[in-house]
Enquirer: 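Shown below is the structure under consideration.
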Amino acid sequence: MERVRSILYYPPVARAGYLYATAVAATYGTVLGTGRVRRVEDGLIVCTGLPKWAFKRGGTCVGGVYLTDRNDAPHVLRHEAVHRHQWKKYGLMFPLLYALAGSDPLHNHFEIEAGLEDGNYLPRPKKN
């Protein structure tokens with residue numbers, strides 16, 4: 001099992017999976033989206049204007065692409081940029097690892113790492 005894991009997480013293999021997922025998601029977002037497609041500061045590609053059935057929750061990061069209707073506030077994009085880095089690290093294993101981490105974002109370590117407040121899973125602290 002350790003041998004399989006070392007192959008799947010080997011940087012060139014993970015990178016290939018990340019690039020493949022990014023290409024598929026960018027195509028999906030461009031075809032289904034009616035809003036802007038843009039690259040933000042961290043390299044995350046943001047596709048807006050997608051129908052609500054095209055993603056989960058407020059949006060979904062696939063590879064280096066964030067797919068959403070209009071949920072693209074700066075704090076949300078900061079959260080999704082962390083998911084982009086998780087995709088880069090784990091490649092196509094990321095969806096499986098994410099599913100195994102559980103659907104409750106308050107206990108999913110990938111969501112916790114990305115920031116529960118930035119992901120709108122917890123109330124954001126009020127600024128004075």
Side-chain angles (χ1 to χ4, degrees):
M1 185 62 170
E2 188 60 37
R3 176 92 172 129
V4 171
R5 186 178 314 181
S6 68
I7 291 170
L8 292 174
Y9 297 162
Y10 185 61
V13 174
R15 178 80 170 168
Y18 163 78
L19 292 173
Y20 174 76
T22 299
V24 170
T27 301
Y28 182 82
T30 302
V31 170
L32 292 179
T34 59
R36 278 183 11 173
V37 176
R38 68 189 193 279
R39 184 180 299 265
V40 294
E41 185 177 315
D42 190 38
L44 181 70
I45 299 167
V46 180
C47 296
T48 57
L50 277 82
K52 295 225 186 261
W53 56 261
F55 55 87
K56 287 186 172 187
R57 298 182 182 146
T60 300
C61 183
V62 178
V65 181
Y66 175 56
L67 306 164
T68 188
D69 55 351
R70 57 192 170 134
N71 184 28
D72 62 350
H75 66 276
V76 172
L77 298 182
R78 186 170 49 244
H79 174 91
E80 298 304 328
V82 175
H83 288 317
R84 174 181 171 262
H85 288 286
Q86 293 165 342
W87 268 97
K88 284 178 86 170
K89 180 176 182 179
Y90 299 110
L92 290 176
M93 289 299 297
F94 182 61
L96 174 63
L97 295 170
Y98 186 95
L100 291 173
S103 61
D104 181 355
L106 301 179
H107 295 98
N108 181 310
H109 62 93
F110 294 110
E111 291 297 345
I112 293 167
E113 180 183 352
L116 296 174
E117 292 89 1
D118 282 349
N120 292 327
Y121 296 114
L122 292 176
R124 294 187 50 73
K126 294 185 188 225
K127 293 181 182 179
N128 292 331

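Throughout, numbering of the chain's residues begins at 1 and tracks the sequence. Every heavy atom of this structure was used, including side-chain atoms; hydrogens, water molecules and symmetry mates were not.
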Enquirer: Taking only residues at least two apart or on different chains, which pairs with a member in residues 97-111 satisfy salt bridge (charged side-chain N to carboxylate O under 4.0 Å, His left out)?
Expert: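 Of all non-adjacent pairs touching residues 97-111, those that pass salt bridge (charged side-chain N to carboxylate O under 4.0 Å, His left out) are R57-E111.
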Enquirer: Listed by chain and number, what are the side-chain contact (heavy atoms from CB on, under 4.5 Å) partners of A114, not counting sequence neighbours?
Expert: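 Result, side-chain contact (heavy atoms from CB on, under 4.5 Å) vs A114: H79, V82, H83.
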Enquirer: Which salt bridge (charged side-chain N to carboxylate O under 4.0 Å, His left out) pairs, counting each pair once, include a residue from residues 12-36, with sequence neighbours left out?
Expert: none
Enquirer: For I112, give me all partners under side-chain contact (heavy atoms from CB on, under 4.5 Å), at least two apart in sequence or on another chain.
Expert: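 By the side-chain contact (heavy atoms from CB on, under 4.5 Å) rule, I112 matches L116.
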Enquirer: Suppose we screen for side-chain hydrogen bond (donor to acceptor under 3.5 Å, both in side chains). Which residues come up paired with E117, at least two apart in sequence or across chains?
Expert: none
Enquirer: Hydrophobic clusters join Ile, Leu, Val, Met, Phe, Trp and Tyr when side-chain heavy atoms are under 4.5 Å apart, directly or via other members; which others share one with V76?
Expert: V40, L44, V46, Y66, L77
Enquirer: Tell me, please, which residues at least two apart from H109 pass side-chain hydrogen bond (donor to acceptor under 3.5 Å, both in side chains).
Expert: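 Result, side-chain hydrogen bond (donor to acceptor under 3.5 Å, both in side chains) vs H109: none returned.
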Enquirer: Using the side-chain contact (heavy atoms from CB on, under 4.5 Å) criterion, which residues pair with P74? Sequence neighbours excluded.
Expert: none
Enquirer: Which residue pairs pass the salt bridge (charged side-chain N to carboxylate O under 4.0 Å, His left out) test when at least one of the two sits in residues 37-53, sequence neighbours left out?
Expert: R38-D72, D42-R84, K52-D69
Enquirer: Do side-chain atoms of T68 reach the backbone of G58 as a donor and acceptor pair under 3.5 angstrom?
Expert: yes
Enquirer: Run the ring-ring contact (aromatic ring centres under 6.0 Å, His included) test against Y98 and tell me which residues pass, sequence neighbours left out.
Expert: F94
Enquirer: Do V62 and V24 come close enough that some side-chain heavy atom pair is under 4.5 Å?
Expert: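 Sidechains of V24 and V62: no contact.
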